[in-house]
K.L.:
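Questions regarding the structure given below will be posed in turn.
A note on names: the letters A, B, ... follow the listed sequences, proteins ahead of strands, and every chain is numbered from 1. Quick note: numbers below take in every heavy atom, side chains included, and nothing from hydrogens, waters or symmetry partners.
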Amino acid sequence: MNKHMMADLSRRKFLVASAAVGGGLMIGYVPTSFARADNDPVTSLDAFIRIDRQGKVTIISPMIEMGQGTYTSLPMLVAEELDVDMANVTVDHAPPSDELYGNPALGNVQVTGASTSVRAFYLPLRKAGAAAKAMLVAAAAEKWGVAPATLKTKLGFVVDASGDRRLSYGELADAAAKVPVPTDVPMKDPSQFRIIGTPAKRLDVKGKVNGSAVFGIDTNIPGMKVATVAASPVFGGKLSSFNEEAVRKTPGVVDVVRLENAIAVIGDHYWAAKTGLEAAAPVFDEGPHANVTTADVVAALAKASGRTGAIAKNEGDAAKVLSAAPRKVEATYEAPFLAHATMEPMNCTVSVSETGCDVWVGTQIPAICQQVVAKALDLPLDKVRIHNHLLGGGFGRRLEADFVLQAALVAKNLKYPVKVIWSREEDIQHDIYRPYYYDRIAAALNDDGMPVAWSHRIVGSSIFARWAPPLFKDGIDPDAIDGAADMPYAIENFRVEFVREEPPGILTGFWRGVGATHNVYVIESFVDELAAAGKKDPVEYRRALLQKNSRALNVLNRAAEISNWGTPLGPRRGRGVSVQQAFGSYMCQVAEVTVSKTGEVKVDRVYVVVDTGVVVNPDTVVAQMQSGVIFGITAVLWGEITLDKGRVQQSNFDSYRIMRIDEAPKIEVEIIKSGENPGGIGEPGTSGLAPAVLNAVFAATGVRLRKTPIDSQLLKEA
Amino acid sequence: MIEFTLNGKATSVDVPEDMPLLWVVRDVLGMYGTKFGCGIAQCGACTIHIDGEAQRSCVTPVSEAVGREITTIEGVGASLSGKAVQDAWLNREVVQCGYCQSGQIMSAVALLDANPAPTDEDIDAGMTGNICRCGTYIRIREAIKEAAKTIEAK
């Protein structure tokens with residue numbers, strides 16, 4: 001994947017440089033189709049590196065920051081090759097543009113997701129940094145009348161061979177902007193790295209500890225009003241009526257807007273809007289989904305699991321071997337709908353005026369937001385200006401533009417900017433949920449208890465069919481099968497299918513760890529079942545299966561070692577293991593749990609060994625492992641969105657439980673030193689967690705759980 | 001008019017008495033460091049200090065602030081413990097998305113002001129009302145211990 005995407009970026013784009021507005025050097029990539037007559041594409045377009053006359057370096061980051069550390073790791077790539085101190089680097093949010101900021105790992109769309117940021121920009125940003133450095137050196141060489149090869153750089157300065165003369169990058173920036181962009185500039189050999197691979201302080205955090213960081217919800221535009229909304233509690237319902245007199249009488253309420261499926265009340269402040277919304281007491285025509293329950297959804301999935309699916313991978317003849325097998329293990333696994341519950345509730349500020357539309361938001365998809373708003377308001381694309389912000393959590397929720405579209409529709413008929421803030425209840429009950437999955441899986445075992453045939457039928461909705469329809473091809477959703485069709489174990493008769501079954505009215509979307517979160521859960525739980533069926537140790541069993549997968553085997557062996565695998569734990573305590581290869585990274589997690597007599601599971605400790613190729617910021621890798629583990633525990637212990645009468649039954653943190661500090665386990669992380677291409681780290685910490693915990697629960701109690709979240713009733717001491 | 005002290009400054013606002021302090025601070029006074037997370041005192045993102053005690057401002061009517069000292073994340077760094085906690089947060093690289101951290105810091109400062117040498121159990125009790133969806137709890141714990149040491153040394 002890496003090779004492909006790096007080739008893609010260099011084929012479609014070329015490096016250009018120009019003078020920056022206000023002086024200095026600007027350098028970045030533009031698509032070949034962008035070559036323009038004015039020879040000045042970058043000045044107006046702002047990609048990717050700006051060096052001003054004071055030598056301050058600004059990275060206009062193609063990828064957004066939602067906590068995962070991108071606003072530090074991407075600048076590190078530039079700083080490494082440019083040879084500047086990270087303390088002189090700042091980051092700006094990029095404006096919307098697929099052409100300039102498209103993610104080469106995700107179809108050149110401006111999307112931050114699927115743990116691709118470092119993977120996609122590892123080479124392009126280094127190359128841009130190296131080119132900028134070469135141009136600064138060339139500018140100094142011209143000034144001094146010497147050959148560029150005789151010059152060196154040192155942390156923001158070009159120095160001559162004698163060491164007597166030096167010029168700062170700031171002093172050289174104007175002249176460097178006139179130097180032709182080098183076409184083939186060498187990058188550092190990794191052995192020369194002094195920034196990549198060392199822990200860097202995050203660039204985005206100072207404002208986050210003193211209250212000055214600006215998230216989308218902190219937008220403050222002169223004349224702005226604040227709105228809150230209530231959409232039909234049943235998906236697909238429509239607004240029929242509300243008490244207009246009561247809402248308009250509410251002190252501080254300035255307006256009320258009727259949308260097809262929702263009401264928006266606008267006030268001088270959120271409190272007035274909220275009070276007004278309560279007074280409005282909206283009534284909805286609930287439509288065809290008014291009686292949907294979770295049981296209906298599951299029954300439909302169970303029925304669909306009887307169908308043959310689209311074939312994602314088929315090697316050998318799994319069906320034949322399975323039907324003739326003397327020893328066979330079969331199981332059904334279920335995974336629930338999940339909400340994202342970002343700490344910053346959905347919000348978006350919009351101003352519609354004669355000059356077009358301004359949108360202030362925190363989003364993972366700036367260019368898609370621009371397109372959605374332009375279409376909704378019938379404006380040309382360049383009349384919609386997206387002002388992106390720091391995101392108070394993303395986890396996939398901010399890969400959706402539903403709340404942005406809604407805010408634009410509210411603002412459309414107003415003469416002032418409006419900030420629409422969802423209540424937490426609205427946020428939980430109108431999420432776009434991680435799909436409910438219902439998987440059927442089977443394996444045939446040989447006399448040694450090892451699998452000789454494997455059949456995995458994934459049953460659930462297709463996110464891609466809605467989110468990016470061209471990528472839903474031949475009945476296969478690439479996310480639904482991620483981590484299943486390409487699992488770490490090689491089995492000669494191997495079949496993975498996908499059956500698409502959409503739940504009535506409920507939209508499904510990407511959720512941290514994406515496809516792998518569901519597939520690693522199923523596969524790693526099932527491999528544990530196979531080991532148990534053959535009365536083998538779970539680690540030994542996986543070792544036997546991983547003999548040809550050295551990176552996976554290595555993380556497994558290291559994790560077994562640091563977790564003291566095989567040493568005894570107390571009664572109702574157990575260890576569980578999971579192995580995954582996903583997002584270009586290899587990972588093994590070992591969880592230690594204690595199950596109380598009443599069946600409550602406590603995760604005491606989690607060991608993580610990760611081989612993510614070349615590491616850019618090791619401290620961020622550790623942080624993302626800690627983060628992913630805790631996100632995963634929340635889901636496996638408590639995460640569940642259920643429906644009754646067409647409504648989501650959970651509403652706030654009292655009914656949608658999130659792990660708290662007193663419940664958090666100890667987490668030990670080991671990073672494997674590796675020269676392989678960089679892998680992703682935001683997602684995988686979550687995707688391997690559930691099976692490690694469930695396998696530990698099995699070790700502690702002998703009870704195999706095939707449905708999450710954990711039902712403590714099943715774990716009560718007999 | 002409702003009058004109180006906000007980060008050391010005499011402040012008066014003309015708002016309904018039952019309006020939560022959170023929205024007074026954010027939408028009326030334009031100080032956006034204090035965050036809205038749940039509206040029902042479940043997540044702690046809105047934590048502020050009233051006379052030095054941690055309170056969930058999303059459920060605290062502004063009438064309760066009358067005549068009292070309110071401190072928010074924008075002002076907490078003026079105290080020794082506030083500064084020590086902010087520094088420890090940076091030093092330990094606690095922060096990820098950062099949205100909950102205003103509230104985490106306000107709770108941590110109140111904890112340390114009341115208990116300069118908290119045990120793990122004290123930290124659990126003092127911080128359990130603050131949710132972090134990024135799961136920065138391990139570093140929050142370390143940072144509180146580091147801040148406690150800094151405060152003790154001064």
K.L.:
Is it the side chain or the backbone of B/Leu90 that comes within 4.5 Å of chain A heavy atoms, both, or neither?
P.N.:
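Both parts, heavy atoms under 4.5 Å.
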K.L.:
A/Pro345 and B/Gly37: which non-hydrogen atoms are nearest, and at how many Å?
P.N.:
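Closest approach of A/Pro345 to B/Gly37, heavy atoms only: CG-O, 4.2 Å.
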K.L.:
Please determine whether side-chain contact (heavy atoms from CB on, under 4.5 Å) holds for the pair A/Val214 and B/Tyr32, giving the CA-CA distance in whole Å, both sets of side-chain angles, and the decisive distance to 0.1 Å.
P.N.:
CA-CA 8 Å; A/Val214 182; B/Tyr32 289 97; over 6 Å; no
K.L.:
If you measure from CE on A/Met224 to CG on B/Asp27, what distance do you get to the nearest 0.5 Å?
P.N.:
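Going from the CE atom of A/Met224 to the CG atom of B/Asp27 covers 6.5 Å.
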K.L.:
Tell me if the CD atom of A/Glu278 is crowded by more than 12 foreign heavy atoms within 6.0 Å.
P.N.:
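Buried by this count: over 12 neighbours within 6.0 Å.
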K.L.:
Just checking A/Lys201: does its NZ atom have more than 12 heavy atoms from other residues, nucleotides or ligands closer to it than 6.0 angstrom?
P.N.:
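Yes, NZ of A/Lys201 has more than 12 neighbouring heavy atoms, counting only those of other groups under 6.0 Å.
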K.L.:
Does A/Asp619 pair with B/Arg139 as a salt bridge, N-O distance under 4.0 Å?
P.N.:
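B/Arg139 and A/Asp619: salt-bridged.
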K.L.:
Need one label for A/Ala200: side chain, backbone, both or neither, based on atoms under 4.5 Å from any heavy atom in chain B.
P.N.:
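Contact with chain B: backbone only.
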K.L.:
Between A/Phe631, A/Phe395, A/Tyr270, who has the most heavy-atom pairs with chain B when the cutoff is under 4.5 Å?
P.N.:
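So the answer, after comparing A/Phe631, A/Phe395, A/Tyr270, is A/Tyr270.
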K.L.:
Taking side chain as everything from C-beta outward and backbone as N, CA, C, O, which of these in B/Asp87 sits under 4.5 Å from a heavy atom of chain A? Side chain, backbone, both or neither.
P.N.:
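Contact with chain A: none, neither part.
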K.L.:
Count the heavy atoms of every other residue, nucleotide or ligand shown that sit under 6.0 Å from NZ of A/Lys602, and state whether that count exceeds 12.
P.N.:
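Above 12, so yes.
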K.L.:
Measure across B/Cys97 and A/Leu391 and return the closest heavy-atom pair with its distance rounded to 0.1 Å.
P.N.:
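Closest approach of B/Cys97 to A/Leu391, heavy atoms only: CB-O, 3.5 Å.
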K.L.:
Highest number of heavy-atom pairs under 4.5 Å with chain B: which of A/Gln626, A/Glu65, A/Lys274?
P.N.:
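Between A/Gln626, A/Glu65, A/Lys274, the count favours A/Gln626.
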K.L.:
Picking from A/Asp662, A/Ile630, A/Ile661, which has the most non-hydrogen pairs under 4.5 angstrom with chain B?
P.N.:
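Max contact count across the listed options: A/Ile661.
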K.L.:
Which atoms of A/Pro199 are under 4.5 Å from chain B, going by heavy atoms: the side chain, the backbone, both sets, or neither?
P.N.:
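Answer is neither: A/Pro199 stays 4.5 Å or more from chain B.
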K.L.:
A/Ala623 versus chain B, heavy atoms under 4.5 Å apart: side chain, backbone, both or neither?
P.N.:
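For A/Ala623, heavy atoms of backbone and side chain both lie under 4.5 Å from chain B.
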K.L.:
Tell me which of these, B/Val85, B/Ile138, B/Ile105, B/Val24, has more heavy-atom pairs under 4.5 Å with chain A than the rest.
P.N.:
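The residue among B/Val85, B/Ile138, B/Ile105, B/Val24 with the greatest pair count is B/Ile138.
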K.L.:
Going from CD on B/Gln96 to CE on A/Met343, what distance comes out if it is rounded to the nearest 0.5 angstrom?
P.N.:
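Between B/Gln96 CD and A/Met343 CE, I get 13.5 Å after rounding to 0.5 Å.
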K.L.:
Could you look at B/Thr136 and say if it's the side chain, the backbone, both or neither that has a heavy atom under 4.5 Å from chain A?
P.N.:
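When you check distances to chain A, no heavy atom of B/Thr136 falls under 4.5 Å.
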K.L.:
Looking at every non-hydrogen atom in both residues, tell me the closest pair between A/Gly211 and B/Ser102 and how far apart they are.
P.N.:
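Taking A/Gly211 first and B/Ser102 second, the nearest heavy atoms are CA-OG, 4.5 Å.
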K.L.:
Measure distances from A/Val205 to the heavy atoms of chain B and classify the residue's part below 4.5 Å as side chain, backbone, both or neither.
P.N.:
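Interface part for A/Val205: both.
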K.L.:
What residue, out of A/Arg512, A/Gln624, A/Arg424, has the most heavy-atom pairs lying under 4.5 Å from chain B?
P.N.:
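Between A/Arg512, A/Gln624, A/Arg424, the count favours A/Arg424.
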K.L.:
Identify which part of B/Ile131 has an atom lying under 4.5 Å from any heavy atom of chain A, answering side chain, backbone, both or neither.
P.N.:
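B/Ile131 touches chain A through backbone and side-chain heavy atoms alike.
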K.L.:
Let me confirm one number: the CZ-OG1 distance from B/Arg133 to A/Thr342, rounded to the nearest 0.5 Å.
P.N.:
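Those atoms lie 8.5 Å apart.
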K.L.:
Find the distance between CD (B/Glu93) and OG1 (A/Thr72) and round it off to the nearest 0.5 Å.
P.N.:
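Between B/Glu93 CD and A/Thr72 OG1, I get 7.0 Å after rounding to 0.5 Å.
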K.L.:
Can you name the nearest heavy-atom pair linking A/Val209 to B/Gln86, along with the distance?
P.N.:
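Between these two residues, the closest heavy atoms are O-NE2, 2.9 Å.
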K.L.:
If you count heavy-atom pairs under 4.5 Å with chain B, which of A/His340, A/Glu425, A/Glu663 comes out on top?
P.N.:
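The candidate making the most pairs under 4.5 Å is A/His340.
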K.L.:
Considering only heavy atoms, which portion of B/Asp120 lies under 4.5 Å from any heavy atom of chain A: side chain, backbone, both, or neither?
P.N.:
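No part of B/Asp120 comes within 4.5 Å of chain A.
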K.L.:
Rounded to the nearest 0.5 Å, how far does CD1 of A/Ile428 lie from SG of B/Cys38?
P.N.:
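Between B/Cys38 SG and A/Ile428 CD1, I get 10.5 Å after rounding to 0.5 Å.
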K.L.:
Given a strict heavy-atom distance threshold of 4.5 Å, which part of A/Ile667 is in contact with chain B: side chain, backbone, both, or neither?
P.N.:
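Contact with chain B is through both the backbone and side chain of A/Ile667.
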K.L.:
Counting heavy-atom pairs closer than 4.5 Å to chain B, which one of A/Lys206, A/Arg202, A/Met66 comes out on top?
P.N.:
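That would be A/Arg202.
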K.L.:
Against chain A, work out which of B/Val15, B/Asn91, B/Ile140, B/Asp18 has the most heavy-atom pairs shorter than 4.5 Å and name it.
P.N.:
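Top option by heavy-atom pairs under 4.5 Å: B/Asp18.
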K.L.:
Go through the atoms of A/Asp204 and report whether side chain, backbone, both or neither lie under 4.5 Å from a heavy atom of chain B.
P.N.:
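It is the side chain, since no backbone atom gets that close.
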K.L.:
Let me see the working for A/His269 and B/Met19 under side-chain contact (heavy atoms from CB on, under 4.5 Å), right down to the final yes or no.
P.N.:
CA-CA 10 Å; A/His269 41 70; B/Met19 183 168 169; 3.5 Å; yes
K.L.:
Measure the acute angle between the ring planes of A/Phe215 and B/Tyr99, then classify it against the limits of 30° and 60° as parallel, tilted or perpendicular.
P.N.:
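It falls in the perpendicular class, over 60°.
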K.L.:
What I want to find out is whether B/Lys35 reaches A/Glu344 closely enough, with some N-O distance under 4.0 Å, to be called a salt bridge.
P.N.:
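The answer is no: the pair does not qualify as a salt bridge.
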K.L.:
Would you give the length of the straight line joining atom SG of B/Cys43 to atom CG of A/Asn652, rounded to the nearest 0.5 angstrom?
P.N.:
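Between B/Cys43 SG and A/Asn652 CG, I get 8.0 Å after rounding to 0.5 Å.
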K.L.:
Report the option among B/Pro20, B/Gly33, B/Cys100, B/Gly77 that has the most heavy-atom pairs separated by less than 4.5 Å from atoms of chain A.
P.N.:
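Among the listed options, the one with the most contacts to chain A is B/Pro20.
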K.L.:
Can you name the closest pair of heavy atoms from B/Cys134 and A/Ser627 and give their distance?
P.N.:
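In this case the closest contact between B/Cys134 and A/Ser627 is O-OG, 2.6 Å.
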K.L.:
Is it the side chain or the backbone of B/Val28 that comes within 4.5 Å of chain A heavy atoms, both, or neither?
P.N.:
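Contact with chain A is through the side chain of B/Val28 alone.
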K.L.:
Can you say whether A/Ile633 sits under 4.5 Å from chain B via the side chain, the backbone, both, or neither, judging by heavy atoms?
P.N.:
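A/Ile633 has no heavy atom closer than 4.5 Å to chain B.
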K.L.:
Say whether, by atom type as modelled, one donor and one acceptor occur between the side chain of A/Lys208 and the main chain of B/Val95 under 3.5 angstrom.
P.N.:
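Judged by distance alone, no pair lies under 3.5 Å.
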K.L.:
Name the region of A/Thr634, side chain, backbone, both or neither, that has any atom closer than 4.5 Å to a heavy atom of chain B.
P.N.:
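Side chain only.
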K.L.:
Please determine if A/Asp218 and B/Arg26 form a salt bridge, counting it only when a charged side-chain N lies under 4.0 Å from a carboxylate O.
P.N.:
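Looking at B/Arg26 together with A/Asp218, the answer is yes, because their closest N to O distance falls below 4.0 Å.
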